[in-house]
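Note that the coordinates shown come from a computational prediction; the quantities given were computed from them, not determined experimentally.
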Amino acid sequence: METMKLTIDNKIIEVPKGTTLFKAARELGIEIPTLCYMELHDLNIENKPAGCRICVVEVQGRRNLAPSCATNCENGMVVKTHSTRVLNARRTVMEFILSDHPKECLICPKSGSCDLQNMAIRLGIREIPGTEIAKMSTYRKDTSPSIIRDLDKCIMCRRCETMCNDVQTVGALSAINRGFMAVVSPAFEQNLEHSTCTYCGQCVAVCPTGALTEVDHTPDILRALADPTKTVIVQTAPAVRAALGEEFGMEPGTLVTGKMVAALRVLGFKYVFDTDFAADLTIMEEGSEFLDRLSRHLKGDESAKLPILTSCCPGWVNFFESYFPDLKDIPSTAKSPQQMFGAIAKTYFAEKIGIGRKDLVVVSIMPCLAKKYECQREEFSTDGNRDVDYSISTRELAAFIKQANIDLNNLESEEFDSPMGESTGAGVIFGNTGGVIEAAVRTAYELNTGKKLEKVDFMELRGLEGVREATIDFNGTPIRIGIAHGLGNARKLLNDVRAGKSKFHAIEIMACPGGCIGGGGQPLHHGNSDIIKARAAAIYREDKKKILRKSHENPFIIKLYKEFLGKPNSEKAHHLLHTHYFDKKKKFIVKQ
Amino acid sequence: MSSIKIELREEDVKRIKEICASFRNDPQELINVLHRCQEHFGYLPAEVQEVVSEELTVPVAKIYGVITFYSFFTMTPKGKHPISICMGTACYVRGAEKVLDEFKRELGLQVGQTTKDGKFSLSSLRCVGACGLAPVVLVGDKTYGRVAPDDVKNILKEYEQ
């Protein structure tokens, strides 16, 4: 391999040809500041539009300063990353960016975790010349069911555009206009709500400023908690416990399940339940549906379509409704765990505690922004009363806990309430890419073969590769499984299905890179993919700790079927736990 | 960005598809495709962009991004009689701006807009190479030289019927 030898800040380094100055410097332990550059190595994600110009460095013999993120190393280069000229230029660039940025940090939702704010601190900016005379460009604010776009705060780093187009292949966002009028926007400057946006929230997860944030539903929850006529219960998704601690200074990958339960109790939730319970329920329904389709398919019934696609992820559901509506009878009809939980809570559980559904408020804590939209979908309401009333993200929960003066670090661990807090290890791993299908295999194998599964860890289904496949032996029948995380990877598998070339029996898809642990509502990773790996490992640790690790062994799920639902895919189960999909292929409406 | 809802006729869709096909439906050829489409339609309404998006498999947001980036592309149809006022140096110093203001006032338009009846559209350009006639106004293919604000009414009258 050809290498390049050069000097950066008086240190000599040799790197493979094609390495950028930015990466070479990083290898030497020199962190060149940047606002737009972003790399998530393990997930194959890179954004380098060379737009912010903060990362400029001085290359001896070159007239102008070079953007280090987009300049390749060459033999004999002598590079300075912090000469007076560089520092002055960097400061000036920063001042220009700030001159067209609102100075309302005190009340900005991103304050404290804002890359722009941190950069102003790092570069020691103390004044912004010209603020008295210069007029700032301005753009209308756009609020959708999940995401708020406040483009006055956009610095055109284009990270959101990279996520939306290159990683997710959703193509809802693009840079439009030029100069001061330039913003990132959906086609024809429509609102996000009328675009092809799936609300996966990956744009929010990488936005360095307050330009893209989630719609905050904590005030609604506070109001419900203060209402004496309401019983407020909460469910927490598996990925939340593996990330919440980060917001309280804990190491990434710290499990805070018990502390989180304790905090939710202090916040005033009457019952603290677990979405993992509903995940087990999902496996019962989705697994049965899969086995039914599989056995009919193997018998030659052509109406039994395979592969079956998982349907837990609302971003993914939005994606196929917009881009693959012709395949909408392929995904499982099983609702997501969030919605299964809501449906059971507002019927079975409400009845159990003797209150009407209108007096029961169901809150969900999710690593996800699409869940906000999902719980607002009309088909998930009865007489205008939602099955899940409010969904808030891991980040919103952290803020909520802080507002209530709760010191998460020093809380004693507590247990979930019964019955909807009881779950197996299969429910926990729903948070990782590959987890839903692994949980399904654990149950489907035993139900299908009648044999006990000795080895429950399916290592072949785990990992962070974008598209994975594995074959599981079901007592002589090879079951071919596909896994994709990130919607761009999902699109590849879907194109095969559409073309009739798919060889899989079942496919799991999660919209976010890494699965729910990398969700749009999680604590910000600031471009560090080690954080996502640590969360994934935490989820598998939690699974390993459980005595029961197969959904169908959950005694409370067994009881629920016995007392209430009958059996999986029964008429009642169908009514409460299954859904249908819509053709949402966008027909653009253009206003006069 | 204002736009008018139009319905594409079948032959229009066919024409766009032909243009895309002549560039092998290559997403890299987006700008060339848009040039040819604007040549054909006179402007690039949303519906045209949507067909191009389908054919080239480029998100329509990207196409809109390109169209709003380059000033040559427009989503507003030109009028039957497009009016261009030269704002090159020579015309400018001889009062082109006052002439432009008079057109704006008479037609109730801003630069880049088209009258509701589709008759006139207003644009400004840089130097048509007739500096001796400054300030210069073009209406369609016809050139008017040494135009004063007082002449504007009479020029418009020529196109009244």
Chemist: For B/P59, which of A/N165, A/T169, A/V170, A/T196 qualifies under side-chain contact (heavy atoms from CB on, under 4.5 Å)?
Modeler: A/N165
Chemist: At a 4.5 Å cut-off on heavy atoms, which part of A/A172 comes close to chain B: side chain, backbone, both, or neither?
Modeler: backbone
Chemist: Answer yes or no: does atom CZ of A/R491 have more than 12 heavy-atom neighbours from other residues, nucleotides or ligands under 6.0 Å?
Modeler: yes
Chemist: Could you walk me through whether A/I176 and B/F69 pass the side chain to side chain contact (heavy atoms under 4.5 Å, CB included) test, one step at a time?
Modeler: CA-CA 6 Å; A/I176 60 153; B/F69 185 84; over 6 Å; no
Chemist: Should B/E50 and A/K585 count as an ion pair when the cut-off is N to O under 4.0 Å?
Modeler: no
Chemist: Please find the pair of heavy atoms, one from B/A61 and one from A/S185, that lie closest to each other, and give the distance.
Modeler: CB-O, 4.2 Å
Chemist: Provide the closest heavy-atom pair for B/Y70 versus A/R178 in the form atom of the first, atom of the second, distance.
Modeler: CA-NH1, 4.1 Å
Chemist: Verify the neighbour count for atom CD of B/E11: are there more than 12 heavy atoms of other residues, nucleotides or ligands below 6.0 Å?
Modeler: yes
Chemist: Give every donor-acceptor pair under 3.5 Å between a side-chain atom in residues 97-110 of chain B and any protein atom, sequence neighbours left out.
Modeler:
{"unit_1": "B/E97", "atom_1": "OE1", "unit_2": "B/Y92", "atom_2": "OH", "d": "3.0"}
{"unit_1": "B/E102", "atom_1": "OE2", "unit_2": "B/R105", "atom_2": "NH2", "d": "2.9"}

Chemist: When rounded to the nearest 0.5 angstrom, what distance separates OG1 in B/T68 from CZ in A/F188?
Modeler: 10.5 Å
Chemist: Assess whether atom CZ of A/F96 is packed by more than 12 heavy atoms of other residues, nucleotides or ligands within 6.0 Å.
Modeler: no
Chemist: Got a sec: does the CD of B/Q38 have more than 12 other heavy atoms crowding it under 6.0 Å?
Modeler: yes
